[in-house]
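Worksheet: the structure to be examined is printed underneath.
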Amino acid sequence: MIRVLLFSVLFMTTAAYARGQDLVVPARLSLEEAVRLATERNPNLAAARNTVEIAQAQRLDARLRPNPAVSFESESYPLFEPSRPAFVNNQELTFRIDQEIELAGRRRLRTQAAETGIAVAEAGFQDQRRRLEFEVRRTYLGVVLAKADLEVARAALDEIDKVIGLNRARYEHGEISGGELRRVQVERLTFVDDLFAAELALRNARSALLALFNAPDLSVEFDVAERLNVTDSGAPAGQTVSPAPTVNAASLRTQALAARPDLVAAQREVQRADTETRLQRALRTPNITVGGGYKRDFGSDAVVFGVTVPLPLFNRNQGGVQRADAERRQAANRAAATATGVLLDVQQAVHTVEVSRARVSYIEREYLNRSRESRDIVLASYRLGTADLIDFLDAQRAFRDTLRTYNRALYEARISTFQLAAAIGAPAIQP
């Protein structure tokens, strides 16, 4: 029997551990799949769901009525006399049942407060999900950005290696000195270091995304399906991912005030606090207890009936009423502050969308093609011997920095749409 019990415990523990290990990350992960995995497995979101379950249990308690009380009393039996008479007919025996009756609608008010508490918890769950989805999208795009920067670093290193190969051939033919060859070989370290830094950023970004999935292994390697519009040659395409040209801020503010889960939770909290205030006022009216039963008095049968009414002479729940009033005002002030915060989030998100879109457009128009053309011209001149090594390295670094800035601008433009969606409480806004 002990062996069977130990085996059962071991099996249940192993099964529970296996359930925690069943995460399968696709080799090519899409943004939608990342959001789905996080909403299914994130422990913070699961904790918010547990809060709803706790609120539902509190509603169950609020609906319950007070339990009846059963009492039995024995009086006047000569227990210590030498000759004791019969037990039943030679004393007073009383059996009674008492039931407390709640007045002033306490049970109804408790239930209303508990139901409003469920609404608060559900809105809190939706707000936690809103925050999680934004964090997943932001972290996912962080992986995309790190991948794009890694591609830029590799492309820059490839160009340097090509130049090193060219210089080695020119050195062997006596066209350049060994010092110039050594100089470009030493400069290669800077580009190699950029590659290592980009690789580290990509690995850390992947681990951060896996942590949102509650993955048991944060070192799993995967690719992301989205890109930051980078061509195979390493040069970004001239296409922006910025949001739609027009942003109706007034419509977005209206939508946010109606749909933001944290504001809904704050408003429901005001309702709950108002119901709690009415409940505390109802507690000023004391409950009554009615009871009745059977009494046998030295062989005579009788009926017992009684009513107990507390006298509210000293305690009329003054502190409870005052505290509930203060909590109601506090909830109203917090709801007002939350509404202001929602409007601020929307306005700042609108600003971010507009500025990010303008930034991407400006880089594409003024710098992207020019920096690439400048790099190509200097590279061609260097191969012909009309430009020196310093000019080439400066042009290569400028082009690399332009690509990084453009990647960052694309990243922030995409994030701005996610930020705006989160600010208005919408699932997503298409770029």
Which residue pairs pass the salt bridge (charged side-chain N to carboxylate O under 4.0 Å, His left out) test when at least one of the two sits in residues 53-76, sequence neighbours left out? Arg63-Glu115

Quick check against the 3.5 Å criterion: does [X] have a side-chain atom that pairs as donor or acceptor with the backbone of [Y]?
X	Y	result
Thr402	Ala398	yes
Ser356	Val353	no
Thr338	Ala266	no
Glu366	Ile363	no
Glu133	Ala38	no
Arg129	Leu45	no
Ser416	Ala413	yes
Arg110	Ala62	yes
Arg41	Asn214	yes
Gln267	Ala265	no

For Leu343, give me all partners under side chain to side chain contact (heavy atoms under 4.5 Å, CB included), at least two apart in sequence or on another chain. Arg253, Leu257

Rounded to the nearest 0.5 Å, what separates atom [atom1] in [X] from atom [atom2] in [Y]?
X	Y	atom1	atom2	answer
Arg138	Phe418	CZ	CZ	11.5 Å
Thr51	Gln56	OG1	CD	11.0 Å
Phe213	Thr139	CZ	OG1	9.0 Å
Phe72	Tyr294	CZ	OH	10.0 Å
Gln396	Phe399	CD	CZ	7.5 Å
Leu37	Leu210	CG	CG	9.5 Å

Say whether [X] and [Y], considering side chains only, have a donor N or O and an acceptor N or O under 3.5 Å apart.
X	Y	answer
Gln112	Thr275	no
Gln280	Glu276	yes
Arg372	Asn369	yes
Asn287	Glu100	yes
Ser30	Glu33	yes

Can we say [X] and [Y] salt-bridge, meaning some charged N sits less than 4.0 Å from an Asp/Glu carboxylate O?
X	Y	value
Asp194	Arg400	yes
Lys295	Asp301	no
Arg281	Asp325	yes
Glu199	Arg203	yes
Arg36	Glu32	no
Asp158	Arg154	no
Glu269	Arg272	yes
Glu412	Arg357	no

Can you name the nearest heavy-atom pair linking [X] to [Y], along with the distance?
X	Y	answer
Pro286	Leu103	O-CD1, 3.5 Å
Leu283	Asn317	CB-ND2, 3.5 Å
Ser371	Leu368	OG-O, 2.9 Å
Thr39	Arg49	O-NH2, 4.0 Å
Leu29	Tyr140	O-OH, 2.6 Å

Taking CZ in Arg404 as the centre, count heavy atoms belonging to other residues, nucleotides or ligands within less than 6.0 Å. Is the count above 12? yes

Full working for salt bridge (Lys or Arg N to Asp or Glu O under 4.0 Å) between Glu135 and Arg130: CA-CA 9 Å; Glu135 183 65 18; Arg130 174 185 70 91; over 6 Å; no

Applying salt bridge (Lys or Arg N to Asp or Glu O under 4.0 Å) to Arg188 and Asp161, what does each step give before you reach the verdict? CA-CA 8 Å; Arg188 185 180 185 273; Asp161 288 339; 2.5 Å; yes

Contacts of Asp345 meeting side-chain hydrogen bond (donor to acceptor under 3.5 Å, both in side chains) (sequence neighbours excluded), chain-then-number -> Arg260

Before you tell me yes or no, could you show the steps for Glu187 and Arg397 under salt bridge (Lys or Arg N to Asp or Glu O under 4.0 Å), namely the whole-Å CA-CA distance, both residues' side-chain angles and the distance that decides it to 0.1 Å? CA-CA 11 Å; Glu187 288 290 340; Arg397 291 192 187 98; 2.4 Å; yes

Check: Tyr362 ring centroid to Tyr367 ring centroid under 6.0 Å: yes

Using salt bridge (Lys or Arg N to Asp or Glu O under 4.0 Å), reason through Arg370 and Glu373 one step at a time and then give a plain yes or no. CA-CA 5 Å; Arg370 293 180 183 179; Glu373 292 172 356; over 6 Å; no

